[in-house]
Protein chains: 2
Amino acid sequence: MSEQRTHDMYPSMVVEDSQNVTRTIEPITIGRQLKAIRTANKLTLEEASKRTGLARSTLSKIENEQISPTFTVMQKLAHGLNIELPQLFTKPNNIRATGRRDITKIAQGRTHLTSTYEHELLATELSNKKMMPYKSRVHARSFDDFGEWVRHQGEEFMLVLEGEIQLLTEFYEPASLKTGDSVYYDATMGHLVVSTSETDALILWVTAD
Amino acid sequence: MSEQRTHDMYPSMVVEDSQNVTRTIEPITIGRQLKAIRTANKLTLEEASKRTGLARSTLSKIENEQISPTFTVMQKLAHGLNIELPQLFTKPNNIRATGRRDITKIAQGRTHLTSTYEHELLATELSNKKMMPYKSRVHARSFDDFGEWVRHQGEEFMLVLEGEIQLLTEFYEPASLKTGDSVYYDATMGHLVVSTSETDALILWVTAD
DNA sequence: AAAAAAAGTTTCCTATAGGAAACTTTTTTA
DNA sequence: TAAAAAAGTTTCCTATAGGAAACTTTTTTT
């Protein structure tokens, strides 16, 4: 059979540097994805064949992009390999379309109201990813700069990139963090960050629902 | 053609209330889902045909579960109807139980040394968290220091804290990242990091399954 | 380093997906 | 409410997916 590519479904990987220069790199294919999953589980085609009920040759052809599997086959793959179906054709970023909230709006809302944070969203080219990373310059100096607690769905990981901050929370004593320190918490609890160094602190945030 | 169902991906859900009244909620099939999407957009088969580039008859057969569409066709559907591909076979309201959990923990490292990386796990006191953050000192200088690809479930966000690195991946060209640069990718793809600066680089990793 | 075994690919065939057009059903209009 | 138009289904055919087995390549064993 002639060499052909039946499908190219992945968005490109986005690399983002500190000057906001983004580079876009090559996409992935369903065949590669399947092969990656299979080899990650250290399965041979024969073993994968037994688990999925599909012929060895069929798996080989899918992996080599010689055929486009039917939905029925995709289901057998997902079930047999014990993965969620979208993993077969989705970069991590496409998987969970449900339950995502738009953090941009939250961030902009805050900034607009009180000018407490300056948010820089990262990896914005990738939609529906499980985690949302962003850097924030912290202008706020006290609770009063906010007026009320910030809270939202999900969990949050935070690391201080520059300066020193205090993490004020609804249920805990204020926590002082220096450059390099990090913290992990439930974002449904009221929380906010204030700079305690002379210059505004810079922090990295990663949230997941 | 005889009446047949090519695929039933969800079992019927039975809801039972306190009076023992049971309601059966229909499973989602790709055909039902497609029809729902098409009609919600007030499109005829003819119009949907034009948008997707698929024959009217093909759409009809898919909607009536007479055939199992190939992945290529599913892509055309998603693209033509302007939806995310998983919408074709996913229930819109997948509820994910998120128990309110143990909250704030200031990260304090627990180190783990290998010849290639020196990992400092963060927030180790919190179990069941959605994200796993850790800092790594990168000793490795080339692929050969590893011998094989690293891969695992989930998505990964990475930010360079000190030095310069190259992110080597199975499917992309090597990506060079300097201090402050970040990248987000699918960790099922083979990947590894090597230092390219004189001193070993320090990076932050956050993964989520 | 040759032989054997295992893993992967290709061939060849059958089953089924997808398209063109005929046919049927539903909706609109006179 | 009959005729016309539009929407949807089925038929029939061609293109392609999927399986069995032959073949090739890679890895292991002696």
Side-chain angles (χ1 to χ4, degrees), chain A residues 1-9 29-81 85 88-89, chain B residues 1-9 29-81 83 85 88-89 143-144 147-149 151 170-171 190:
Chain A
M1 176 176 284
S2 63
E3 209 246 280
Q4 68 168 122
R5 321 198 74 195
T6 44
H7 35 249
D8 262 13
M9 72 244 79
T29 64
I30 197 174
R32 281 174 179 166
Q33 190 76 349
L34 173 59
K35 188 165 194 170
I37 292 168
R38 178 175 64 83
T39 55
N41 286 52
K42 300 203 196 305
L43 296 174
T44 64
L45 286 175
E46 180 58 33
E47 292 164 328
S49 168
K50 275 183 187 139
R51 294 199 190 190
T52 59
L54 296 165
R56 203 160 81 248
S57 55
T58 302
L59 296 174
S60 172
K61 281 181 266 191
I62 293 170
E63 288 191 355
N64 293 296
E65 305 284 333
Q66 288 172 11
I67 61 177
S68 175
T70 60
F71 184 63
T72 306
V73 164
M74 291 173 67
Q75 287 185 104
K76 289 181 185 172
L77 286 172
H79 184 256
L81 300 177
L85 203 148
L88 286 171
F89 54 83
Chain B
M1 176 176 282
S2 63
E3 207 247 280
Q4 68 168 120
R5 322 201 75 193
T6 44
H7 36 249
D8 260 15
M9 52 236 134
T29 64
I30 207 167
R32 222 190 297 265
Q33 192 76 351
L34 172 59
K35 187 164 196 171
I37 292 168
R38 176 174 66 83
T39 54
N41 286 55
K42 300 202 196 303
L43 296 175
T44 64
L45 286 176
E46 181 57 34
E47 292 165 327
S49 168
K50 273 183 187 136
R51 295 200 188 189
T52 58
L54 295 165
R56 201 159 83 250
S57 55
T58 301
L59 296 174
S60 172
K61 281 181 267 190
I62 293 170
E63 288 190 353
N64 293 295
E65 305 284 334
Q66 287 170 12
I67 61 176
S68 175
T70 60
F71 184 64
T72 306
V73 164
M74 291 172 67
Q75 286 186 105
K76 288 180 183 171
L77 287 171
H79 185 256
L81 300 176
I83 57 172
L85 204 148
L88 287 170
F89 54 83
F143 181 96
D144 294 331
E148 60 178 2
W149 290 113
R151 58 176 117 239
E170 198 174 7
F171 306 130

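These numbers were taken from a predicted model, which means no experiment stands behind them. Naming: A, B, ... by sequence-line order, numbering from 1 per chain. Basis for what follows: all heavy atoms, side chains included, without hydrogens, waters or symmetry-related copies.
- The phosphate of C/dG19 (OP1 or OP2) has no side-chain N or O of B/S57 nearer than 4.0 angstrom.
- Remark: the backbone N or O of B/L54 is paired with a side-chain donor or acceptor of B/S49 at under 3.5 angstrom.
- Computed from coordinates, the A/K61 NZ to C/dG8 P distance equals 16 Å when rounded to whole Å.
- Among the nucleotides D/dT9, C/dT10, C/dG19, the one closest to any side-chain atom of B/T58 is C/dG19.
- Between the side chain of B/E47 and the backbone N or O of B/T44 there is at least one donor-acceptor pair closer than 3.5 Å.
- Distance B/E46 CD to C/dT27 C1': 16 Å, rounded to the nearest Å.
- Taking atom CZ of B/R56 as the reference point, atom P of C/dA20 lies 10 Å away to the nearest angstrom.
- Atom pair B/E65:CD and D/dT9:P shows a separation of 13 Å (rounding to whole Å applied).
- Nearest to the side chain of A/R38, among C/dA22, C/dG8, D/dG18, sits C/dG8.
- Taking atom CG on B/L45 and atom P on C/dT24, their separation rounds to 18 Å, with Å as the unit.
- Of all heavy-atom pairs spanning B/F89 and B/Q33, the tightest one is N-CG, 4.4 Å.
- For the pair A/L59 CG and C/dT9 P, the computed distance is 11 Å after rounding to whole Å.
- Within the 4.0 Å cut-off from OP1 or OP2 of C/dA17, not a single side-chain nitrogen or oxygen of B/T70 is found.
- The residue A/T44 sits close only to the backbone: its heavy atoms come under 4.0 Å of sugar-phosphate atoms, none of a base.
- Proximity of a side-chain donor or acceptor of B/S68 to a complementary backbone N or O of A/F71 within less than 3.5 Å is detected.
- Put simply, CE on A/M74 is 19 Å from P on C/dT16, counting in whole angstrom units.
- Among the nucleotides D/dT9, C/dG19, C/dT11, the one closest to any side-chain atom of B/L54 is C/dG19.
- Atom NZ of B/K76 is separated from atom P of D/dT16 by 10 Å (rounded to the nearest Å).
- Side-chain contact between B/L81 and B/L43 is present, with heavy atoms from C-beta onward closer than 4.5 Å.
- Across all strands shown, C/dC23 forms a Watson-Crick or G-U wobble pair, both distances under 3.5 Å, with D/dG8.
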